Amino acid sequence: MVELIQHVINGLSLGSIYALIALGYTMVFGILKLINFAHGDVYMLGAFIGLYCARIFGFAEHPSLGALAVTISAAMVGCAAVGFLIERLAYRPLRRAPRINLLITAVGVSLFLEFAGQLKFGSSPQFFPELYKPAGSWNFGEIRINPLQVTAFGIAIVLMGALQFVIFRTRLGRAMRAVSFNRDHASLMGIPTDRVISATFMMGSALAGAAGVLVGLIYPKIDPLMGVMPGLKCFVAAVLGGIGNVVGAVVGALALGMAEEFLVGYWAPTYRDALAFAILILVLLFKPTGLFGTRSTEKV
Amino acid sequence: MLLAATTLALGATACTKRAVPTAVAPSGTGQPIAAAAETIKIGEVGSMTGEDATFGESSHQGVELAVKEINAAGGLKGKQVELILMDDQGKPEEAATSVTKLITQNKVSAILGEVASGRSLAMAPIAQAYKVPMITPSSVDSRITEQGDQIFRVCFNTPFHAGGLMRFATEHLKAKKAAILRDVKNDYSVSMSDTFAAGFKKAGGEIVIDQVYSAGDVDFKSQLTAIRAKKPDVIFLPGYYTAVGLIARQAKELGIEVPLIGGDGWDSPKLLEIGGPALNGSYFTTHFSAEDQAPLVQAFISKYKAAYNRAPDAIAALGYDAMQVLAEAIRKSATGASGEIRDQLAKTQDFAGVTGKITIDQNRNPVKSAVVLKIEDGKIKYQRTIAP
């Protein structure tokens, strides 16, 4: 029983980080019908921006909650800028091009970021400094909860709440939903679609940046290819939840984190990475719309 | 498919560009190296970048230090030694490409490398096929020297290494129940685990759980949660330092207090940086201790510190020894041709190396002792020596 609860806690902690990345996928897909393969690499950049920020300000020597907040903010702003640039330079010129061109461009952007990252940061793993050192750990008998996990989980929940607020309670959010519903109609209604799309990319990228720092905090090893696998897995999480659906992405990511944890703990650790793809195949075969997705009929 | 092809193509170009010949000029003269025909070319393959980059770096620094000394003393057979280094990025397939290039294009007389067993295993059959002698400074997997009569090593091999750890666990730590957490993608880790498990059971102990991970993983909590439930006396971690550091941290977070033990894969200056205080109370065996007071060892340490501004680890010491053993064989050979070097290497007897006396046996393995080191208060301390 203790083991089971511990696995649930570990799974939730992993899943909440997947959720932050999956949200970016689902938002961009919702609005552009584009699978932004570069998203996992934006998450990697977030971790490195956090690393450099921590080095410049010397946070490793003075860990505190404030240091963590500053680092996360820096990574979010930096990644938002990267997201803006990617959209502006790579995707916007292809707005009227067939969707397959966009998809190939996304793969290109992803490879560019990965190899430019290796050139700039070096391909050896680097060690993320401890930005925040909560004292001790919370013990309930044998069950151990690392306060860092709780902090990361809390930050993830706050950011997801903020996103939900923006999408459903603000003018920008309403515009985003309108563009996602029908871009041409939204444009006819006077919505500046290009600006809304930029904003969507920036928000999604900022969440990925935050995820990068949180991962660095819990698993302090970062390298320029760290975004490849989580990127693919979080795409699966978004598909599982119903791609384009914000709540679905969160639920899908938590489910994936939990499923991985149980698979590794009780059965076959080497199949950890295969699990996500097995889920992808099953979802596409039996429920292509995902858990929360709605079927949309294409009208001619 | 497209993705894979592009990555491969990029990898290939990157590899050729990274072949940096690091020719070492005799100290003092400042002259560039002599024309190619007048040098003895030695190829080195190492992981200068990638997941275990400190292995490649340490090993290369050891080799480089030896080459500098040899050249300063007039070289070998009247020729300067030219060291050609290839970076394999920590990938077995790159290691294989590198060794082929060194032999066919650079025409080297002998090969030094690799540190990791998996990559040495990828290189050995190629060196054997071209009949170019190869010395692995620090790969312990027994199968490497079994690839053929051209392949040598200057470190002890797995049966001794894992056997020593097993005896240390049962006799010194009085462990009855052991857990294993092995890296399934790593030949070294797998053969160490198998040897350890077999020996531990024979000594009357019990392997309560044998968990696996894959190189590159960062989350080990689920494996550790399963291990914790079995209440082992000791956890055997035969991985490389990056994973070991992360595992130690996560083990502490889960409240696991039993000692962690491992092999020379832990031996890196990065280990303590990653693992931090979570590693206190852990033990590992390796080839050499900087606390050894023998004059030869202390001289090596001070020369190494002067050159690289840090204390050498065992991997660096083995790199140095590998190059010195090779130089000795070249000196004894008639012309310095590959075949003669091989014959002289096989005859190496009582060579006084930094990591101990090296005598190559008929299976091209040296007979050597190991040291057990303990991590205490964030420092690595000498514990005891295990005789061969």
Side-chain angles (χ1 to χ4, degrees), chain A residues 2-7 9-11 13-14 17 37 104 107-108 110-111 114-115 118-119 122-130 137 139 141-149 215-216 218-223 225-226 228-230 257 260-273, chain B residues 2-3 6-7 9-11 13-14 18 47-57 87 89-91 181-185 210-214 216-231 241-243 245-246 249-256 270 272-276:
Chain A
V2 168
E3 205 182 340
L4 182 81
I5 296 172
Q6 186 79 57
H7 280 311
I9 292 167
N10 297 346
S13 141
L14 189 62
I17 289 167
F37 279 112
I104 293 169
V107 174
S110 166
L111 287 174
E114 282 160 22
F115 288 93
Q118 293 200 24
L119 213 59
S123 64
S124 310
Q126 304 206 32
F127 301 97
F128 204 82
E130 285 180 279
S137 75
N139 307 340
E142 283 254 308
I143 300 167
R144 299 296 171 111
I145 303 178
N146 176 2
L148 275 183
Q149 281 178 316
V215 160
I218 301 179
Y219 309 112
K221 188 196 89 174
I222 63 173
D223 65 82
L225 296 182
M226 67 185 276
V228 179
M229 210 19 102
E260 265 190 19
E261 182 72 24
F262 281 105
L263 177 85
V264 176
Y266 288 114
W267 191 34
T270 32
Y271 289 99
R272 168 173 235 149
D273 292 342
Chain B
L2 171 81
L3 236 158
T6 326
T7 322
L10 277 168
T13 32
R18 231 171 266 157
S47 52
M48 305 309 293
T49 57
E51 185 89 355
D52 32 75
T54 74
F55 286 167
E57 195 183 323
D87 174 19
Q89 303 160 49
K91 298 173 187 159
L181 182 51
R182 62 167 90 189
D183 177 353
V184 281
K185 277 196 194 163
D210 192 341
Q211 283 278 0
V212 301
Y213 65 94
S214 305
D217 282 0
V218 289
D219 182 52
F220 308 93
K221 286 218 179 82
S222 30
Q223 289 98 322
L224 288 167
T225 302
I227 288 175
R228 191 182 65 178
K230 299 282 184 192
K231 304 203 187 323
Y241 61 89
T242 314
L246 293 172
R249 262 174 191 257
Q250 293 172 22
K252 270 287 158 345
E253 282 168 18
L254 290 170
I256 296 174
K270 290 262 181 203
L272 291 169
E273 187 186 323
I274 315 163

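To find a chain, count down the sequence lines: A is the first, B the second, and so on, and within it residues start at 1. This is a predicted model, so every value here is computed, not measured.
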Under 4.5 Å heavy-atom distance to chain A, tell me which part of B:Val212 shows up: side chain, backbone, both or neither. both
Proximal component of A:Leu14, with respect to chain B [non-hydrogen, under 4.5 Å]: side chain
Checking side-chain contact (heavy atoms from CB on, under 4.5 Å) for the pair B:Asp219/A:Glu261: CA distance, chi angles, key distance, verdict? CA-CA 9 Å; B:Asp219 182 52; A:Glu261 182 72 24; 3.8 Å; yes
For the residue pair A:His7 and B:Ser222, what are the closest heavy atoms and their distance? CE1-O, 3.4 Å
For a 4.5 angstrom cut-off between non-hydrogen side-chain atoms, does A:Ile218 reach B:Lys221? yes
For atom OH of A:Tyr266, decide whether the heavy atoms of other residues, nucleotides or ligands shown that lie under 6.0 angstrom number more than 12. yes
Turns out that what part of B:Lys270 lies under 4.5 Å from chain A's heavy atoms comes down to side chain
Non-hydrogen atoms of B:Val218 and A:Tyr219 that approach each other most closely: O-CD2, 3.2 Å
Among A:Gly265, A:Ser110, A:Pro125, single out the residue with the greatest number of heavy-atom pairs under 4.5 Å to chain B. A:Pro125
For chain B, the option from A:Glu130, A:Gln6, A:Met226 that forms the most heavy-atom pairs under 4.5 Å: A:Gln6
Residue B:Thr225 versus chain A: region with a heavy atom under 4.5 Å: both
Is A:Pro220 close to B:Arg249 at the side-chain level, that is, under 4.5 Å between some pair of heavy atoms? yes
Any chance you could measure B:Glu253, atom CD, to A:Gln149, atom CD, to the nearest 0.5 Å? 6.5 Å
Please classify the contact between B:Glu273 and chain A as side chain, backbone, both or neither, with a heavy-atom cut-off of under 4.5 Å. side chain
Region of B:Leu254 in contact with chain A, defined by heavy-atom distances below 4.5 Å: both
Would you call A:Val264 and B:Phe220 a side-chain contact if the rule is heavy atoms closer than 4.5 Å? no
